[in-house]
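Accompanying notes for the structure given below.
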Amino acid sequence: MGAPSERPERPGKIVILTGAGVSAESGLGTFRDKGGVWTKYDLNEVATPDGFARDPAKVHDFYNARRANAAGARPNAAHGALARLQAEYPGEVVLITQNVDALHEAAGARAIHMHGRLDEACCAACGAVWTAPLQMFPQDPCPECGAQETRPNIVWFGEIPQELDTIALHLEGADLFAAIGTSGQVYPAAGFVEEATRWGARTVELNLEPSDLARLFDEQIGGPASESVPAWVDRLLG
Ligand code: BJW
């Protein structure tokens, strides 16, 4: 289908995709930067369904440590600015995050967590979702059905991200699409810029440095998110 050709001067609907770079200055590590999570852990062991089936205790240990770290983290100026944009912008602002921390919510925003949430557990047998305890263990029973098949509510490689139908509708209606602090190396999120472009949205990337997908965006804004995002939000609200 062709994309609509006319879009308003001031974007009516803004769709924002965030990644680990937004939470970096809150002390939560990114994945692929120097010293990132995937330089210390084998993702096949800790972030795939096969890895969990082979050694659930190891995967729980990994997420228990990540959960403890996230519980002590505070939102930074980028989270705050995005929450302000969502509250004050006269149009619609949809926040989609790949992050499993709850820092957007801690700053007062609402976000779609397409890769799940660290502070939630789920049951592989019945699909129930509940607030995760700080420490999870392989023998934990599901509070709904009792099965000992509980896991973090995290989307691992090879699993289908959450709320993709809702996200597709938002991308279709976007006038402005922004990707903030994401390397653009993980699909389907990495494909959102092309999807939004196809539907006629203007696109902007805010990142420490241009990502591998930089050429797909209409505009580039560099620098740490705690500085670039508040300035960008001021521009949109101003
Ligand atoms: C700053 C900053 C600062 C730093 N300020 N910026 C080939 C083989 C096998 C699979 C595939 C394949 N090709 C494609 C796939 C699919 C696969 C995939 O993409 N793999 C690639 C690695 C190749 N994707 C999947 O499997 C997904 N599912 C799927 O495709 O299902 C099939 C399907 C889809 C749709 C319809 C029907 C079917 C699932 C992906 C799940 C990803 N899960 C993870 C881990 C779980 C969460 C967790 O444990 O925390 O999610 S992986 C990890 O990467 C995490 C993140 O959400 C995700 C994205 O990372 P992000 O956020 O971009 O972080 P970084 O570190 O990469 O980048 C940080 C950026 O910030 C950098 O650019 C820095 O410069 C910047 N930065 N400091 C501003 N201060």
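In this chain, residues are counted from 1 in sequence order. Just the heavy atoms: all of them, side chains too, but no hydrogens, waters or symmetry mates, feed the values below. Both ligands and their constituent atoms are indexed starting at 1 by order of listing.
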>> Is there a path of hydrophobic side-chain contacts, each under 4.5 Å between heavy atoms of I/L/V/M/F/W/Y residues, joining I112 to L164?
In response: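 Same hydrophobic cluster.
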
> Taking the six-membered ring for Trp, are W156 and F52 parallel (under 30°), tilted (30 to 60°) or perpendicular (over 60°)?
Replying inline: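 Judged by the thresholds at 30° and 60°, the geometry between W156 and F52 is tilted.
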
Salt bridge between [X] and [Y], side-chain N to carboxylate O under 4.0 Å?
X: E219; Y: R235; value: yes
X: E105; Y: R117; value: yes
X: E159; Y: R151; value: yes

> Considering residues, nucleotides and ligands other than R54, do more than 12 of their heavy atoms fall under 6.0 Å from its CZ?
Replying inline: yes

One line per pair, note the atom names and distance for all nitrogen or oxygen contacts under 3.5 Å between ligand 1 and the protein.
unit_1, atom_1, unit_2, atom_2, d
ligand 1, 5 (N), A225, N, 2.9
ligand 1, 6 (N), N207, OD1, 3.3
ligand 1, 6 (N), L208, N, 3.3
ligand 1, 19 (O), Y187, N, 2.7
ligand 1, 24 (N), Y187, O, 2.9
ligand 1, 26 (O), G158, N, 2.8
ligand 1, 28 (N), E159, O, 2.7
ligand 1, 31 (O), E159, O, 3.2
ligand 1, 43 (N), V155, O, 3.1
ligand 1, 49 (O), Y63, OH, 2.7
ligand 1, 49 (O), R66, NH1, 3.1
ligand 1, 50 (O), R66, NH1, 3.4
ligand 1, 50 (O), R66, NH2, 2.4
ligand 1, 51 (O), H115, ND1, 3.3
ligand 1, 54 (O), R32, NH1, 3.1
ligand 1, 54 (O), R32, NH2, 3.2
ligand 1, 57 (O), Q98, O, 2.9
ligand 1, 57 (O), H115, ND1, 2.8
ligand 1, 60 (O), R32, NH1, 3.1
ligand 1, 62 (O), A20, N, 2.8
ligand 1, 63 (O), T182, OG1, 2.7
ligand 1, 63 (O), S183, N, 3.0
ligand 1, 63 (O), S183, OG, 3.4
ligand 1, 66 (O), F31, N, 2.7
ligand 1, 66 (O), R32, N, 2.9
ligand 1, 67 (O), R32, NH1, 2.7
ligand 1, 67 (O), S183, OG, 2.5
ligand 1, 68 (O), S183, N, 3.3
ligand 1, 71 (O), G181, O, 3.2
ligand 1, 73 (O), N207, OD1, 3.4
ligand 1, 73 (O), N207, ND2, 3.1
ligand 1, 75 (O), N207, OD1, 3.0
ligand 1, 80 (N), E25, OE2, 2.9

